[in-house]
Amino acid sequence: ASTTRLDAQTRVMDALDAMGPGLDQLVFAILIRESGMGQAERDNGWPERAGAAMLKLALDRLAVHYRLLARPRRPA
């Protein structure tokens with residue numbers, strides 16, 4: 001495998017790790033597999049509408065990882 005490909009793979013894995021267990025699976029399901037939110041919630045055994053809050057948390061953690069956000073926002 002090329003160095004560029006391995007570097008890209010490492011960056012993706014680091015970003016998924018930054019989101020934390022469970023949240024990485026949610027983001028992967030929605031953004032990579034293009035699963036719907038409802039399906040992702042069922043796959044994770046979460047109640048309806050929990051996915052939106054979890055996705056927001058995952059994306060906040062990702063923003064912190066990329067230094068776009070100083071720290072995660074507190075839930076409203």
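- Judged as a side-chain contact (heavy atoms from CB on, under 4.5 Å), and not counting sequence neighbours, the contacts of A50 are W46, P47.
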Contacts table for residues 24-40: side-chain donor-acceptor under 3.5 angstrom, sequence neighbours left out:
unit_1, atom_1, unit_2, atom_2, d
D24, OD1, G22, N, 3.1
Q39, OE1, R42, NH2, 3.2
Q39, NE2, D43, OD1, 2.7

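- Counting all heavy atoms, side chain and backbone alike, E48 lies closest to E41 at CA-OE1, 3.7 Å.
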Indicate every side-chain donor-acceptor pair of residues 7-21 with a distance under 3.5 Å to a residue at least two apart or in another chain.
unit_1, atom_1, unit_2, atom_2, d
T10, OG1, L6, O, 2.9

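- Summarising the geometry, atom CG belonging to D60 is positioned 9.5 Å from atom CG belonging to L55; distances are rounded to the nearest 0.5 Å.
- For the side-chain contact (heavy atoms from CB on, under 4.5 Å) test, no residue two or more places apart in sequence or in another chain qualifies with A53.
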